[in-house]
Each structure stands twice: as structure tokens, then as C-alpha cells.
**Student:** 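One structure follows; several queries about it will come next.
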Number of protein chains: 2
Amino acid sequence: MAETRSVDTRERILDAAEKLFTANGFDGTSMRQITGAAGVNLASVNYHFGSKEALVQEVFRRRLAWLNTERLRVLTAMEQAAGDKPLKPSQIVEGFFGTLLGMAQDESRGGVTFLRLLGRTLTDPADFIRTFLADEYQEVVERYKAALFKALPDVPRAEIAWRFHFMLGATSYAIAGTDALRLVTDWQVDEEDATDRLDRLQPRLMSFLLGGLRAPLPKF
Amino acid sequence: MAETRSVDTRERILDAAEKLFTANGFDGTSMRQITGAAGVNLASVNYHFGSKEALVQEVFRRRLAWLNTERLRVLTAMEQAAGDKPLKPSQIVEGFFGTLLGMAQDESRGGVTFLRLLGRTLTDPADFIRTFLADEYQEVVERYKAALFKALPDVPRAEIAWRFHFMLGATSYAIAGTDALRLVTDWQVDEEDATDRLDRLQPRLMSFLLGGLRAPLPKF
DNA sequence: ATATCATTCAAACAAACGTATGAATTAAAT
DNA sequence: ATTTAATTCATACGTTTGTTTGAATGATAT
């Protein structure tokens, strides 16, 4: 079996697709663009993945599998270290969103490219994407939600769930929109260079998220 | 001139396009779907709007024109009432995001449908959308940013700009993802019915946003 | 060396896309 | 009543889309 060739082709396709999907969206990227950029034959996507839909899913699966495993690993480690005591909210937030933002520095795990793609895709309307992402996220979200419930026993659970939702949104958007539409940051942040901006994004975002999580409850 | 017919056709197209874009995305919606749902001829989109791109822009323009005018009106009124004194951060946040969320209840301004579409589109990679939205938002964002700078003179401007960015993300996602991917909220919020959920979203989100905006600054 | 299997390749497929055209229809203006 | 202009309509055009096919190529195992 000629395995080296096929493994190479698969990854070349996934890398090219990841970049192009980020730049132009799923529907905005054709199979010919992907195979062209990857330097492989047009038919190889269907040969290796079956369809374009399956390719999209595999682009996410190879990154999310690691991310969510890592998230669970971190949470489990923290919980074991804490014994019976609840974790600090800042630990939990750091465990969930810190692992995500850490991928930005790791080019071998997709770097900023994948993060931008993920951030944008969380609101994609396509059915097969929604159900696929929901499946990939289900376990890790349940575990982290449970940790937050335990850490904040006095806060109504529905309230915590919503704030988790808000935190996810702020994070996705912070990443997806960094270059995308420079609405808010514009000349304000151009002083800093791009890498510096990314390094400082994490502490900035963490402060914001924790501030939101610990905000006084709304009075209805 | 036959005006009643054409105005009707125009709006039927815009309404149908708005709904379909929200449900299936821009590329996922064909002209035949739009004209079919609107009950008009296929060629009428090109006749009235020129192209599909121009239709997309008009879908946003008719809603954003009102929204951003209203935002400026509210801000100006608050500033006049305050005289020389800076506004409270909560006023500013309420002025910007409250007007947006208020559209959810107003079906004549697009209701939840448009809000979801807008939330998702803020991270759309297509060039013509990015530049178009940036243009539509520029003035109102500058004005509100300036108000925040004045309200929080001790906070570095870059920090405020970032937090504005985060707030926009949390809000967009809160709206766009409400039905989309029910990651976090799932069975947790199913107790409340849909209308109740929307009514309670606003105070919940506002608490979160203000908590994030007023969070202690990150230490680098 | 030969047979076997996975992979690559060029070419073609039908389907769907956005857009353009010119005739038919309708309403307003003279 | 006739002219004029705006709108609607059915139809067609040329591209591009994702996918399929069957032959060519490559490497591995016997």
C-alpha cells in the first residue's frame, strides 16, 4: 500500500481547505480552489473524504478532537488537585478559553487561521455544521458548566448558562473579527503590531470574561 | 408610473431575502428561492436591485439606516441632558445595545430575524459585506467610543476599544446563536418559553456587558 | 517478475447558479 | 383614445458547481 503519498495528500488538502475556508467561507470556496492550492488532483477530495461536506467536518474534527480532549484533561487535573473543594471561576474560565486561545500560538494546531474559522463557524446556519459542532462540544460543555455550577452555588443555573453563552460569543468574535471588520479597534490599536496584539488579547479577554461572569445579577 | 406594484415587489423581495438569508446564509440562498418565496418573477431582483450583491446590501441598509440613526439620536439626547458631565457607562451601553435589542420586539423593523442575520454577518468574510458594514457603522461607533472615553477617563483608550469589541461579540453571538447552536443553554433554559426568553435576555446581557466593561484591568 | 491493490489523473457529467433579453402587460400621461 | 413609460414575465445564456468514471500510475507483496 502506498501510504506516504495518501497521508500527504490528505493533509495537504486539509491545510489548504482550512486556509481557504477561513478566507472565503465554505460556500465561497470551490473544490477546484482547494485542490489547486493543495497541488493535488480535483478528484482526490472525493476519493479521500467522500464529499465536500465530509471535508468540512474533517477540517474541524482534527482540530477539535485535540482541543476538547485537552480541555477535559485540564479540567480533570484541576478538579483532582482541588479535592472536594469547588474550583475558582477564574480557573474554569482559564481552562476553557485559555486552551482555545493557546492554539493561536501553535501553528501545528491551526494557529490563528483555525481560530478565526471556528469563531465564525459557531454561528453558521448550515444544518450539518450545527449538529456536527453540537456533538463535538457537548461533553466538554457539560463538564465545564457543571464545574461553574459548583463554583457558584448561589447563582441560578440558568444565569450561569447564559453567561457561559455570552463568554463564548465575546471570545469567538474577538478572534473571528480581529482582522475581519475593524469596527471598534481601528487606529486605536494599530500602534501595536500584530503579534503583540495577539499576545495581549488573552489577558484582556480574560479580564472581560471574568468581569462579566461575576457581574451583579440583573433585577427583573 | 406604476408605483404601487413596484414598491410592493421591492419589499416582498427584501422580506423574503431577509428571512432566507437568515435561515440559509447568502451563498446558501438562490435568487430562485427568493423570488419564489416572494411570489415575484425571477428577473425582478436584477430589475429592481441590479444584482444579488446589491440586494444583500439593501437588505441591511433599510434596517441599519434606522438603527444607527436612532442610536445617534439617543446618544445626542443623553449628552444634551448631561450638559458637560460625562455619561454613565451604563447609559452608553444601554444606548448602543439597547436600541439593537429593542428591534427584536419590533417586527416592522425585522424582529429577531434581522438581528440574527446581523449578528452572524458581522463576521462574514466576504469583502463587499465587510466594507459595506464598516461604512454603515463607522460614524455611530466613533461617537459611542468617544462617549466611553469621556466616561472612563482613567481607563486606557485601547482597553476601552477592546472591551467595546468584546461587548459587540457577546451581543452578536447571544442573538445569532439563540436558536442556532444550543451549546450552552439547552435543557437549562427550555423551561422558559421563547418570548419570555427574549424578554429576559436584555437585562441578562446588560449585566454581563457592564460587568465586563468595568472589570479590573489586566496586569501584563 | 508478476500480480495486487491503493492512489492519482484527465475528462466528462448533470445540475444549479446569477444574469440578460425581448416580448407582453399594466398603469399613468396626453 | 392613444401614446408613453414602467414593470412583469417566460425563456435562454454561459459559467461554475460538486461529483463520477475509467484508465494510468505507483508501490507493495508473493
Side-chain angles (χ1 to χ4, degrees), chain A residues 1-62 121 124-129 132, chain B residues 1-62 121 124-129 132:
Chain A
M1 315 169 186
E3 205 167 313
T4 63
R5 271 198 307 169
S6 81
V7 169
D8 212 58
T9 302
R10 270 182 64 95
E11 296 222 343
R12 291 172 64 85
I13 292 173
L14 288 171
D15 289 343
E18 189 174 73
K19 285 200 187 78
L20 286 167
F21 287 158
T22 304
N24 310 318
F26 302 121
D27 295 323
T29 305
S30 69
M31 309 245 101
R32 286 165 180 82
Q33 283 179 276
I34 296 170
T35 52
V40 301
N41 187 272
L42 168 63
S44 46
V45 171
N46 289 280
Y47 176 77
H48 284 285
F49 300 96
S51 68
K52 189 182 180 181
E53 275 200 11
L55 170 63
V56 172
Q57 293 188 6
E58 184 57 24
V59 165
F60 283 99
R61 217 202 39 76
R62 79 167 168 164
T121 308
D124 197 285
D127 258 352
F128 83 98
I129 291 180
F132 168 73
Chain B
M1 314 171 188
E3 207 167 314
T4 62
R5 271 200 308 168
S6 82
V7 169
D8 211 58
T9 303
R10 270 182 63 96
E11 296 222 342
R12 292 171 64 86
I13 292 173
L14 288 171
D15 289 342
E18 188 173 74
K19 286 201 187 77
L20 286 167
F21 288 158
T22 304
N24 311 317
F26 301 120
D27 295 324
T29 304
S30 70
M31 308 242 109
R32 286 165 179 82
Q33 282 179 278
I34 297 170
T35 52
V40 302
N41 187 270
L42 168 63
S44 47
V45 172
N46 289 283
Y47 176 79
H48 284 285
F49 301 96
S51 67
K52 189 181 180 182
E53 276 200 12
L55 170 63
V56 172
Q57 293 187 3
E58 184 58 23
V59 165
F60 282 100
R61 215 203 42 75
R62 80 169 166 163
T121 307
D124 196 285
D127 258 352
F128 83 98
I129 291 179
F132 168 73

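Naming convention: chains lettered A, B, ... in sequence-line order (proteins, then strands); numbering from 1 in each chain. Below, all heavy atoms of this structure are taken into account, side chains as well, without hydrogens, waters or symmetry copies.
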**Student:** Applying side-chain hydrogen bond (donor to acceptor under 3.5 Å, both in side chains), can you list everything that pairs with A/E18, at least two apart in sequence or on another chain?
**Tutor:**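 side-chain hydrogen bond (donor to acceptor under 3.5 Å, both in side chains) list for A/E18, sorted by chain: A/R63.
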**Student:** Would you call B/R62 and B/D15 a salt bridge, using N to O less than 4.0 angstrom?
**Tutor:** yes
**Student:** Residues from residues 26-38 of chain A sitting under 4.0 Å of DNA chain C, heavy atoms only?
**Tutor:**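 Those residues are A/R32.
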**Student:** Could you check how far NE2 of A/H48 sits from P of D/dG18, rounded to whole Å?
**Tutor:**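 Roughly 18 Å, once rounded to whole Å.
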**Student:** Just to verify, what does B/F26 make a ring-ring contact (aromatic ring centres under 6.0 Å, His included) with, not counting sequence neighbours?
**Tutor:**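 Partners of B/F26 by the ring-ring contact (aromatic ring centres under 6.0 Å, His included) criterion, ordered by chain and then number, come out as B/F21.
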**Student:** In whole Å, I'd like the distance from the CD atom of A/E11 to the C1' atom of C/dT7.
**Tutor:** 17 Å
**Student:** Taking only residues two or more places apart in sequence, or in another chain, which ones meet A/R32 in a salt bridge (Lys or Arg N to Asp or Glu O under 4.0 Å)?
**Tutor:** none
**Student:** Only counting residues at least two apart or in another chain, list the ones meeting side-chain contact (heavy atoms from CB on, under 4.5 Å) with A/Q33.
**Tutor:** A/L20, A/N24, A/T29, A/S30
**Student:** Taking CG from A/L20 and P from D/dT17, how many angstroms apart are they, rounded to a whole number?
**Tutor:** 12 Å
**Student:** Check the distance between D/dG22's C1' and A/Y47's OH and give it to me in whole angstrom.
**Tutor:**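 Value for this atom pair: 14 Å.
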**Student:** Please give, in whole Å, the distance from C/dT8 P to A/R10 CZ?
**Tutor:** 11 Å
**Student:** Output the rounded distance in Å from CG (B/N46) to P (D/dT8).
**Tutor:**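 Distance, rounded to whole Å: 13 Å.
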**Student:** What side-chain donor-acceptor pairs closer than 3.5 Å can you find for residues 38-47 of chain B, not counting sequence neighbours?
**Tutor:**
unit_1, atom_1, unit_2, atom_2, d
B/N41, OD1, B/A43, N, 2.9
B/S44, OG, B/N41, O, 2.4

**Student:** Between A/N41 (CG) and D/dT19 (C1'), how many Å, whole number?
**Tutor:** 13 Å
**Student:** To the nearest Å, give me how far apart CG (B/L42) and P (D/dC13) are.
**Tutor:** 15 Å
**Student:** Less than 4.0 angstrom between a side-chain N/O of A/T9 and OP1 or OP2 of C/dT8, yes or no?
**Tutor:**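 Answer is yes, contact under 4.0 Å.
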